[in-house]
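Taking it in order: structure first as structure tokens, then the write-up.
Residue numbers start from 1 in every chain, and the chains themselves are labelled A, B, ... in the order their sequence lines are given, proteins ahead of strands. This one's a predicted model, so the numbers in the text were calculated from it and none came from an experiment.
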2 protein chains.
Amino acid sequence: MGKLSATAIVERALEIGDTEGLDAVTIRRLATDLGVTPMALYWHFKNKEQLVVGLADHLIAGFAPESDDDDRPWRERMRDLIEGLVRLLRTHPCAKSVLEQVDQVAVPSFLAVWDLALGLARRAGFDTEQSCLISKYILQSAIAIADAPVHYSARYTPEEAAEIVRRKRVTLQSLPADRYPYLVEMAAPMVGGISRETYDTFGVDLILSGIESLAARR
Amino acid sequence: MGKLSATAIVERALEIGDTEGLDAVTIRRLATDLGVTPMALYWHFKNKEQLVVGLADHLIAGFAPESDDDDRPWRERMRDLIEGLVRLLRTHPCAKSVLEQVDQVAVPSFLAVWDLALGLARRAGFDTEQSCLISKYILQSAIAIADAPVHYSARYTPEEAAEIVRRKRVTLQSLPADRYPYLVEMAAPMVGGISRETYDTFGVDLILSGIESLAARR
DNA sequence: ACCTGAACACCGTTCAAGT
DNA sequence: ACCTGAACACCGTTCAAGT
């Protein structure tokens with residue numbers, strides 16, 4: 001049989017993480033779900049930190065940055081990269097937590113993304129320090145764009161999700177309007193009512209145009 | 001005497017968080033540090049989640065966004081906001097984790113920052129949805145800028161910090177240069193050798209110029 | 001090679017009780 | 001109002017042992 005394997009563990013962990021949050025992904029929970037003893041997991045992963053590395057690697061490997069023989073201009077390739085990150089973060093609700101918690105240097109596929117971003121930034125004309133900063137900036141701002149709260153779908157039924165959004169909106173709307181005038185006014189979009197177009201195209205434009213306008217200055 | 005108080009707990013928690021990481025901030029650890037029983041903390045905070053809310057509120061209240069009677073153009077005010085966030089994240093190594101973990105809607109001073117950002121975005125000419133996205137984007141990209149690994153100083157002696165940076169650099173440099181050419185080449189700045197000027201001025205410019213160039217389009 | 005059993009040192013939290 | 005004691009249900013992890 002060989003029921004247990006590293007990928008089986010990772011896949012179940014992502015299921016739990018996406019539906020119940022990364023905090024619910026625990027060695028013991030994983031073990032009972034897989035019909036096995038908690039200690040069985042320690043043969044496949046040295047410890048929990050390495051499990052999270054496995055999760056991150058699995059997630060990022062899914063949207064593999066295209067190969068080296070890509071002759072398109074850096075703007076297009078960088079847009080692809082950012083859009084890929086945003087899509088990843090949208091598809092997997094727990095990707096944000098995973099990428100925040102993991103030691104990124106330990107994740108091979110993450111290093112590949114990093115390297116790609118560095119190369120593109122260099123090609124755009126930035127120096128080494130600036131390129132380093134830009135490559136971190138790309139991931140972090142992709143998180144900002146993808147972080148719109150549309151993730152309830154995996155975790156709840158549509159009715160439950162609507163109820164949660166409603167409650168959050170009411171919370172914001174019942175704040176003192178003299179102290180937080182804009183929050184009260186914009187409670188609805190703030191809490192999840194943003195259109196796909198706004199955060200997919202406007203959001204990516206926001207990131208890219210900053211990079212482009214600084215690239216033009218050198 | 002009244003040794004124990006909410007602010008005393010928060011201050012000790014921030015000391016631990018900044019020097020040993022937020023994971024080290026535990027109810028029980030906090031209690032022994034403060035010479036008290038773990039359960040004593042539950043009188044001051046309903047649970048650990050509320051403690052983290054307290055941490056976030058304390059952190060953000062420290063750099064209070066200026067009052068309403070500020071007639072300067074939105075660019076300047078937004079630059080101040082971003083610089084303040086970056087400074088906060090630099091001063092407190094654990095601020096990043098705190099802001100990532102906390103339920104931001106529950107933090108009063110965070111709502112004030114959010115409201116300010118929303119107002120400035122509206123003034124820049126963005127619509128409601130775009131303004132919501134921008135206000136999230138500002139915090140997240142500030143994290144990207146501030147996240148350069150200069151934080152070891154609080155946790156280690158200068159010699160230890162140098163040793164850690166050296167080891168990380170060696171790790172990057174010993175990667176296969178054919179797969180990660182740029183990472184290997186830029187290992188040194190990537191791991192902490194970025195100059196203050198690059199991430200303080202270039203980084204803030206990066207964020208602002210994206211917003212400005214999109215604002216100009218409408 | 002792959003998994004189990006028992007045990008250890010840690011968590012957050014509740015609930016009744018003290019002053 | 002403010003804190004303690006004892007207990008509960010969870011963690012991750014080690015170590016020796018099984019097949």
Side-chain angles (χ1 to χ4, degrees), chain A residues 1-58 94 97-104 106-107 155, chain B residues 1-58 94 97-104 106-107 155:
Chain A
M1 262 306 210
K3 293 191 64 168
L4 205 58
S5 70
T7 65
I9 296 171
V10 164
E11 281 166 3
R12 182 67 198 134
L14 286 178
E15 284 177 29
I16 299 174
D18 283 339
T19 53
E20 303 176 39
L22 189 57
D23 285 344
V25 176
T26 191
I27 299 283
R28 298 176 115 105
R29 161 71 187 277
L30 226 30
T32 61
D33 275 25
L34 296 166
V36 96
T37 281
M39 286 58 78
L41 305 194
Y42 282 86
W43 195 90
H44 300 276
F45 295 96
K46 193 188 149 224
N47 51 35
K48 196 180 178 184
E49 194 182 339
Q50 287 305 308
L51 210 197
V52 180
V53 168
L55 295 187
D57 201 50
H58 186 89
C94 74
S97 320
V98 170
L99 294 178
E100 281 171 355
Q101 281 192 24
V102 82
D103 178 16
Q104 303 177 339
V107 186
R155 205 176 303 199
Chain B
M1 261 305 213
K3 293 191 67 168
L4 203 58
S5 70
T7 66
I9 296 172
V10 164
E11 281 167 3
R12 181 67 198 134
L14 286 177
E15 285 177 28
I16 299 175
D18 283 339
T19 53
E20 303 174 41
L22 189 59
D23 285 344
V25 176
T26 192
I27 299 281
R28 297 175 115 104
R29 162 70 186 279
L30 226 31
T32 61
D33 275 25
L34 295 166
V36 96
T37 279
M39 286 58 77
L41 305 194
Y42 282 85
W43 196 88
H44 300 276
F45 295 95
K46 190 189 153 223
N47 51 32
K48 196 181 179 184
E49 196 183 336
Q50 286 305 307
L51 211 197
V52 179
V53 168
L55 295 187
D57 202 49
H58 187 90
C94 75
S97 319
V98 170
L99 293 179
E100 281 172 353
Q101 283 192 23
V102 83
D103 178 17
Q104 301 177 343
V107 186
R155 204 176 305 201

Output the residues of residues 26-37 of chain A in contact with DNA chain D, where contact means a heavy atom of the residue under 4.0 Å from an atom of the strand; sort by number or write none. Thr26(A), Ile27(A), Arg28(A)
Heavy-atom closest pair, residues Ala13(B) and Val25(B): O-CG2, 3.4 Å
Comparing Pro38(A) with Lys48(B), nearest DNA chain C nucleotide closer to 5' gives the residue Pro38(A)
What are the two closest non-hydrogen atoms of Gln104(A) and Leu99(A), and how far apart are they? NE2-O, 3.4 Å
Given side chains that start at C-beta, do those of Leu22(A) and Leu55(A) come closer than 4.5 Å, heavy atoms only? yes
Toward the 5' end of DNA chain D, by each residue's nearest nucleotide, Trp43(B) or Ala24(A): Trp43(B)
Can Leu30(A) and Thr26(A) be said to form a side-chain contact (heavy atoms from CB on, under 4.5 Å), step by step? CA-CA 6 Å; Leu30(A) 226 30; Thr26(A) 191; over 6 Å; no
Would you say Asn47(B)'s side chain and Gln50(B)'s backbone share a donor-acceptor pair under 3.5 angstrom? yes
Which salt bridge (charged side-chain N to carboxylate O under 4.0 Å, His left out) pairs, counting each pair once, include a residue from residues 34-52 of chain B, with sequence neighbours left out? none
Check step by step if side-chain contact (heavy atoms from CB on, under 4.5 Å) holds for Val10(A) and Phe45(A). CA-CA 10 Å; Val10(A) 164; Phe45(A) 295 96; 3.8 Å; yes
Give the intermediate values and the outcome of side-chain contact (heavy atoms from CB on, under 4.5 Å) for residues Leu51(A) and Ile27(A). CA-CA 9 Å; Leu51(A) 210 197; Ile27(A) 299 283; 4.2 Å; yes
Give the dot-bracket line for DNA chain C from 5' end to 3' end: parentheses for intra-strand Watson-Crick or G-U pairs under 3.5 Å, square brackets for crossings, | for inter-strand pairing, dots for unpaired. ||.|||||...|||||.||
Partners meeting side-chain contact (heavy atoms from CB on, under 4.5 Å) with Val107(A) (sequence neighbours left out): Val53(A), Ala56(A), Asp57(A), Val102(A), Ser109(A), Phe110(A)
Determine all donor-acceptor pairs shorter than 3.5 Å in which one atom belongs to a side chain in residues 32-43 of chain B; sequence neighbours excluded.
unit_1, atom_1, unit_2, atom_2, d
Thr32(B), OG1, Arg29(B), O, 2.9
Asp33(B), OD1, Arg29(B), NE, 3.1
Asp33(B), OD2, Arg12(B), NE, 2.8
Asp33(B), OD2, Arg12(B), NH2, 2.7
Asp33(B), OD2, Arg29(B), NE, 3.3

Scan nucleotides 14-19 of chain C against the protein and return all N/O pairs shorter than 3.5 Å with their distances rounded to 0.1 Å.
none

What is the distance, to the nearest angstrom, from the CG atom on Leu51(B) to the C1' atom on dT13(C)? 14 Å
Under 4.0 Å between a side-chain N/O of His44(B) and OP1 or OP2 of dC3(D), yes or no? yes
In this structure, how many angstroms lie between the C1' atom of dA1(D) and the CG atom of Leu41(B), rounded? 16 Å
Rounded to the Å, how far apart are Leu4(B) CG and dC3(D) P? 5 Å
Which residues share a salt bridge (Lys or Arg N to Asp or Glu O under 4.0 Å) with Glu100(A), sequence neighbours left out: Lys96(A)
